[in-house]
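Worksheet: the structure to be examined is printed underneath.
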Amino acid sequence: MQIYGILGYPAKHSLSPAMHNAAFAALKINAEYKIFEKKPEELEAFLSSLNKEGILGLNVTIPYKEKVIPFLSKVSQEAKLIGAVNTIKVSAGKLEGFNTDAPGFLKHLKEDLGFNPQGEVISLIGAGGAAKAVAVALCKEQAQTIRIYDLDKDKAKALVSQLKDNFSSTQVLAMDSIEGLQIEDATLLINATPIGMKNIDPLLINPDSLHKNLLVYDLIYNPRETKLLSLAKNKGVKNSNGLGMLLCQGVLSFEIWTNQKAPKGLMSQVLLEKSCC
Ligand code: NAP
């Protein structure tokens, strides 16, 4: 039996095992996707044991997306640029790293939501790991402008400087306040912070800034409808939670491991069943 899994700490809450195990079963691949919850001091030994344990692939989540990089033989160009790996493939004993968060986000945005970021003005809240993947994806697609706001202003500035070094067709700006995002002029608003996961979390934006020409994309998928998304819904503004991104990154990881087309419809159905409302 082939073994795959998710590496993280914590990782027990993950929806990935259900999604990937359903896909393996549907394609009659004799494989199991497990949870590998490892403490930081166990990371190196675990990664060195993959070949011996017959583990052929991993997803990587918090807090290891950056920490696994020194242990890999090869890292894709995109993962290098983002500075994070969320997928590892083991072949001939060598560990190869990829990032499917960025192309997963883009696949969902373009193919499922019908939004082409080329030439668009985008407001991005957050400059952490997920925001970085999203911003790289949007720059690759030649968005016109990306305005970025993070509570930690140095983090936003560092991300902007890195994007400027690597992409010349997109204007990228770090804003000092959330008002600086100028959502009124944007066609895409993205929340890439965890604010919205808890009931008591505040709404980060001015409700009046939402408009009919905007798509509101919240990367959070638990809960499925954050305060931000419910505001957008009530105002008749197009909106999406992060389940589609989660699905698409999973589809891409599955295809990297198996070289087979992933059963996306089935994986989507499993995620909807397993995610909380
Ligand atoms: P992260 O690395 O911790 O980044 C979050 C960033 O948001 C941090 O820089 C944080 O600043 C900033 N922030 C916190 N509160 C803020 C506020 N009020 N205003 C502006 N910025 C604020 O987390 P992450 O890994 O990027 O994940 C972010 C969210 O995306 C999580 O909810 C995660 O579940 C979701 N996500 C979804 C998918 C998907 O497939 N749908 C994939 C990845 C992540 P400080 O450092 O100062 O706190």
Side-chain angles (χ1 to χ4, degrees), residues 1-25 29-104 126-133 152 155 192-194 197-198 219-222 242 245-247 249-258 267 270-271 274-276:
M1 159 142 0
Q2 302 173 14
I3 303 170
Y4 297 86
I6 182 153
L7 165 66
Y9 190 74
K12 285 204 178 78
H13 60 280
S14 173
L15 299 174
S16 294
M19 168 168 72
H20 286 291
N21 281 324
F24 286 134
I29 298 173
N30 185 20
E32 189 185 355
Y33 187 105
K34 299 180 174 183
I35 291 174
F36 297 108
E37 202 169 79
K38 300 289 170 190
K39 295 192 177 120
E41 59 270 25
E42 299 170 317
L43 182 68
E44 184 168 1
F46 173 69
L47 290 172
S48 318
S49 75
L50 296 186
N51 206 29
K52 186 167 63 91
E53 298 295 332
I55 299 170
L56 296 182
L58 290 175
N59 280 131
V60 184
T61 186
I62 286 174
Y64 298 131
K65 286 188 186 185
E66 286 124 31
K67 294 200 175 80
V68 295
I69 293 178
F71 302 101
L72 307 177
S73 314
K74 209 170 150 192
V75 176
S76 75
Q77 206 47 42
E78 190 158 39
K80 264 188 209 154
L81 202 56
I82 298 164
V85 158
N86 79 327
T87 302
I88 295 175
K89 179 175 182 160
V90 185
S91 40
K94 297 251 188 281
L95 275 57
E96 190 172 354
F98 304 85
N99 186 303
T100 66
D101 280 334
K132 223 170 178 183
D152 183 338
K155 225 174 187 176
T193 76
M197 293 185 78
K198 298 194 193 112
L219 262 57
I220 294 172
Y221 50 81
N222 179 13
M245 175 175 169
L246 182 71
L247 167 67
Q249 64 77 33
V251 161
L252 295 171
S253 297
F254 187 93
E255 292 176 350
I256 286 172
W257 297 324
T258 63
M267 292 163 83
V270 171
L271 280 185
K274 296 280 175 191
S275 62
C276 101

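Numbers for residues simply follow the sequence, beginning at 1. Keep in mind that what you see is a predicted model, and the values were worked out from it rather than measured.
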- Crowded around Glu42 CD? As in, over 12 foreign heavy atoms under 6.0 Å? yes

- Message: Is it the case that over 12 heavy atoms from other parts of the model lie below 6.0 angstrom from the CD atom of Gln77?
- Response: no

- Message: Using side-chain heavy atoms (C-beta onward) and a distance below 4.5 Å, is His20 in contact with Asn59?
- Response: yes

- Note on the structure: Closest heavy-atom pair, Ser48 versus Glu44, reported as atoms and distance to 0.1 Å, is OG-O, 2.7 Å

- Query: Looking only at heavy atoms, which two atoms of Ala22 and Val270 are closest? And how far apart?
  - Reply: CB-CG2, 3.6 Å

Could you go through residues 80-97 and list every donor-acceptor pair under 3.5 Å that involves a side-chain atom there, pairing it with any protein atom two or more places apart or in another chain?
residue : atom : partner : partner atom : Å
Asn86   : OD1  : Thr100  : N            : 2.7
Asn86   : OD1  : Thr100  : OG1          : 3.4
Asn86   : ND2  : Thr100  : OG1          : 3.1
Asn86   : ND2  : Asp101  : OD1          : 3.3
Asn86   : ND2  : Gln249  : OE1          : 3.4
Thr87   : OG1  : Ser253  : OG           : 2.8
Lys89   : NZ   : Ile256  : O            : 2.7

- Mark yes when over 12 heavy atoms from residues, nucleotides or ligands other than Tyr9 sit less than 6.0 Å from its OH; otherwise mark no. no

- Are Leu247 and Met267 close enough that some pair of their side-chain heavy atoms sits under 4.5 Å apart? yes

- Item | Any side-chain heavy-atom pair of Tyr221 and Leu15 under 4.5 Å | yes

- I would like to know whether Leu43 and Phe71 meet side-chain contact (heavy atoms from CB on, under 4.5 Å); could you show each step before the answer? CA-CA 10 Å; Leu43 182 68; Phe71 302 101; 4.2 Å; yes

- Query: Say you draw a straight line from OH of Tyr64 to CD1 of Ile69; how long is it, rounded to the nearest 0.5 Å?
  - Reply: 15.0 Å

- Asn30 versus Gln2: any side-chain heavy-atom pair under 4.5 Å? no

- Query: Does Ala79 offer a backbone N or O that forms a donor-acceptor pair with the side chain of Ser76 under 3.5 Å?
  - Reply: yes

- Message: Could you check whether any side-chain heavy atom of Phe98 comes within less than 4.5 Å of a side-chain heavy atom of Leu252, counting everything from C-beta outward?
- Response: no

- Task: Please test Ile55 against Phe46 for side-chain contact (heavy atoms from CB on, under 4.5 Å), starting from the C-alpha separation and ending with a verdict.
- Result: CA-CA 10 Å; Ile55 299 170; Phe46 173 69; 4.0 Å; yes

- Message: What's the separation between atom CD in Glu53 and atom NZ in Lys34, rounded to the nearest 0.5 Å?
- Response: 8.5 Å

- Which word best sums up how the rings of Phe254 and Phe24 line up, parallel for under 30°, tilted for 30 to 60°, or perpendicular for over 60°? tilted

- Task: List the atom of Glu78, the atom of Pro103, and the distance in Å for their closest heavy-atom pair.
- Result: OE1-CD, 3.7 Å

- Query: Heavy atoms, side chains only, cut-off 4.5 Å: are Leu47 and Leu7 in contact?
  - Reply: yes

- Taking all heavy atoms of Gly250 and all of Met19, pick out the closest pair and write down the distance. CA-CE, 3.8 Å

- Note on the structure: In short, Met1 meets Ala31 closest at the heavy-atom pair SD-C, 3.7 Å

- Message: Quick check: closest heavy atoms across Gly126 and Thr193, and the distance to 0.1 Å?
- Response: CA-CG2, 3.7 Å

- Item | Ile3 and Phe36, any side-chain heavy atoms less than 4.5 Å apart | yes

